[in-house]
Amino acid sequence: MSVDIATVKRVAHLARIRVTEEEAAALQGELNAILGFVEQLNEVDVAGVEPMTSVIPMAVKRREDVVDDGGIAADIVRNAPLTDENYFLVPKVVE
Amino acid sequence: MSELTALTIAGIREGLRRKDFSAVELTEAYLAAIERFNQAFNAYVAVTPERALEMAGESDRRIAEGEARALEGVPLGIKDLFCTKGIHSQAASHVLDGFKPPYESTVTANLWRDGGVMLGKLNMDEFAMGSSNETSYYGPVVNPWRRRGGNAQLVPGGSSGGSAAAVAAHLCAGATATDTGGSIRQPAAFTGTVGIKPTYGRCSRRGIVAFASSLDQAGPIARTVRDAAIMLRTMASVDPKDTTSADVEVPDYEAAIGESVKGLRIGIPREYRVDGMPEEIEKLWQAGMDWYRAAGAELVEISLPHTKYALPAYYIVAPAEASSNLARYDGVRYGLRVPGDDIVDMYEKTRAAGFGREVKRRVLIGTYVLSAGYYDAYYLRAQKVRTLIKRDFEEAFQAGIDAILTPATPSSAFGIGEKAGGDPVEMYLNDIFTVTVNMAGLPGIAVPAGLDPAGLPLGLQLIGRPFDEATLFRAAQVIEDSAGSFTPEAWW
């Protein structure tokens, strides 16, 4: 499978990355090189094979359902580019 | 290189115990070396002298009181991927501009608990995506090794290029690194250092900036096998804050070093004999086999039939996970923000300005293979192939193989800019011998084993059973004893 320029732009929008016409053209070639490379996986017979879901077989760990952290709003927003009284600020989303 | 900075971690431990020098003197020697020589390598992206001297002072107090800890006074460099409280942690990306984490990663917290001294943060490929350290926002790292008689600048490998270069150039005694497809072992091989990627789940991923969560693992880069064993014992832990951290006690890896390898069954996988493999790699591999035979180990030819599919499967799984992990860089909670007309415009402009080319490429591939209609054809199929890759190894180990010997890389270090052409796959091929190990979650160690005809270091890789890092250290010592150690000739 290979991607056309419209697909590159659509995927870039899905990924929320603005690309220029020039970048889209370069990316098209690069993505097709990668997609061409991974094509060889079609040679492998995967009938009846379970996809890997856990790297090391282990039960998912659980912890007590208790509050063990928190009350650090100022720490959490400290690195944000724009805040107001411990809130993150974003451009208007709802009219 | 001063006498103090030439010491191994084991040598530092001994020298501090004998009071040949103080921890502060040692740290001052490293800070002076960084001050003078870092510009030649671009290995550090942030240096923390005040913090280092404060920690070294505490070490001297502990030593005076007879309370030295496992890594007391050892000056360490930390890959920029690890969150360090209040200190530069940007994964060498512009998108994390100015980020100073309000918490400490588990791995680095373990190092400080055991008396390690932080010298600063080390350069790397942006978000650990790269095999040459050329994708860093801070520019490439220069390998302390040069071709004999030449002065071309070579890459130190990647993504942990800053870690490997700093260890090889004696700008730290040891360094933290991470490995998603070969990012510890390939730079170790390119710089004549020792690097181990432990079993998935051995080191906590808490506080390490995520690239591909089912593949990422932290480990040390050090100058000797013993030093790597000393560091890993401290870095590894069982962490309730990482749900994939394995509930397996951390053994004393150093105790395994020096044990005989007599009777050990070393597998030689025939699929690693790839087309067009340079003669010197072939020779190096043969030398490794001869050393093991001489040490009394048994060599067994094995087959890992799905080896060639590991790299293509990796280039679906890793970008898919990366596209999801990197969604968090949106200009809202941390780092860079480029203003926009509305929120989507702000997101798109921020991510366009914040991510470098390689990162964008991988996020787009990941987004594509996960998008509606393509998930089964790409991601699901790759995860099935991954099951088969893991099964190959399981069958070898079930047949009684204790460790597998392979080359670490298909070549020695290449020149900066040499592989910057239009085809990204050419760079990806660097990881053909290492990536299988990440796909199967196994431990793998790269050990320097010789020099190529141009005088550049080459490494061998040993792959072990899950959580059997001790056998890897034991077996790796045989290579180190046989091949000797490798130090670049100082041109800086």
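Worth saying up front: this structure is predicted, and the values here are computed from it rather than measured. The sequence lines fix the lettering, A, B, ..., with proteins before strands; numbering per chain opens at 1. Atoms considered below: every heavy atom in the structure, side chains included; atoms not considered: hydrogens, waters and symmetry mates.
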Heavy-atom pair with the smallest gap, counting every atom of A/Pro51 and B/Thr387: C-OG1, 3.5 Å
Flag, side chain of A/Asn79 to backbone of B/Lys100, donor-acceptor distance under 3.5 Å: yes
Charged N-O contact under 4.0 Å between B/Arg391 and A/Glu50: no
Portion of A/Thr7 that has a non-hydrogen atom of chain B nearer than 4.5 angstrom: side chain
Most chain B-contacting option - heavy-atom pairs closer than 4.5 Å, from A/Gln40, A/Arg62, A/Met58: A/Gln40
Inter-residue atom distance A/Leu35.CG - B/Tyr315.OH, 0.5 Å rounding: 13.5 Å
Choice from B/Val425, B/Leu215, B/Leu96 maximising heavy atom contacts with chain A below 4.5 Å: B/Val425
Gap between atom CG of B/Leu326 and atom CZ of A/Arg16 - 0.5 Å precision: 15.5 Å
Residues B/Arg357 and A/Glu23 bridged, charged N to O under 4.0 Å: no
Distance (rounded to the nearest 0.5 Å) between B/Leu364 CG and A/Ile17 CD1: 5.0 Å
Chain B contact via A/Asn42 - side chain, backbone, both or neither, heavy atoms under 4.5 Å: both
Atom pair CD1 (A/Ile34) and CG (B/Asp423), whose distance is rounded to the nearest 0.5 Å: 8.5 Å
Segment of B/Ser214 engaging chain A (4.5 angstrom heavy-atom cut-off): both
Carboxylate-amine/guanidinium contact A/Lys61 B/Asp247, below 4.0 Å: yes
Which atoms of A/Val93 approach chain B - backbone, side chain, both or neither, heavy atom under 4.5 Å: side chain
Neighbour count >12 (heavy atoms, 6.0 Å) for atom NZ, B/Lys390: yes
Under 4.5 Å from a heavy atom of chain B, the part of A/Phe37 involved: both
Greater than 12 external heavy atoms within 6.0 Å of A/Glu43's CD: yes
Greatest number of heavy atom pairs closer than 4.5 Å to chain B - which of A/Asp75, A/Val44, A/Leu14: A/Val44
Among the listed options B/Tyr334, B/Phe467, B/Tyr314, the residue most often paired with chain A at heavy-atom distances under 4.5 Å: B/Tyr334
Beyond-backbone contact of A/Val55 with B/Thr244, side-chain heavy atoms, under 4.5 angstrom: no
A/Ala47 backbone acceptor or donor facing B/Lys384 side chain under 3.5 Å: no
Proximity breakdown for B/Val332 and chain A, heavy-atom pairs closer than 4.5 Å: both
Any donor-acceptor pair under 3.5 Å from B/Arg333 side chain to A/Pro81 backbone: no
Please tabulate, for side-chain N and O atoms in residues 337-345 of chain B, each donor-acceptor pair with protein atoms closer than 3.5 Å (sequence neighbours left out).
unit_1, atom_1, unit_2, atom_2, d
B/Arg337, NH1, A/Leu89, O, 2.9
B/Arg337, NH1, B/Gly331, O, 3.1
B/Arg337, NH2, A/Leu89, O, 2.9
B/Asp342, OD1, B/Val344, N, 3.2
B/Asp342, OD1, B/Asp345, N, 2.8
B/Asp345, OD1, A/Arg18, NH1, 3.3
B/Asp345, OD1, A/Arg18, NH2, 2.7
B/Asp345, OD2, B/Asp341, N, 2.7
B/Asp345, OD2, B/Lys349, NZ, 3.0

Partner chain A: residue of B/Tyr347, B/Tyr103, B/Tyr309 with the largest heavy-atom pair count (under 4.5 Å): B/Tyr309
Part of A/Leu27 lying under 4.5 Å from any heavy atom of chain B: side chain
Closest-packed option against chain A by number of heavy-atom pairs under 4.5 Å, given B/Lys360, B/His306, B/Arg362: B/Lys360
Other residues, nucleotides, ligands: >12 heavy atoms within 6.0 Å of A/Phe88 CZ: yes
Smallest separation among heavy atoms of B/Met439 and A/Met52, with atom names: O-CE, 3.6 Å
Side chain A/Arg78, main chain B/Pro102, donor-acceptor under 3.5 Å: no
Which atom pairs, donor and acceptor, lie under 3.5 Å between side-chain atoms of residues 366-378 of chain B and protein residues at least two apart or in another chain?
unit_1, atom_1, unit_2, atom_2, d
B/Thr367, OG1, B/Val363, O, 2.6
B/Ser371, OG, B/Tyr368, O, 2.7

A/Arg63 side-chain N/O to B/Lys241 backbone N/O, donor-acceptor pair under 3.5 Å: no
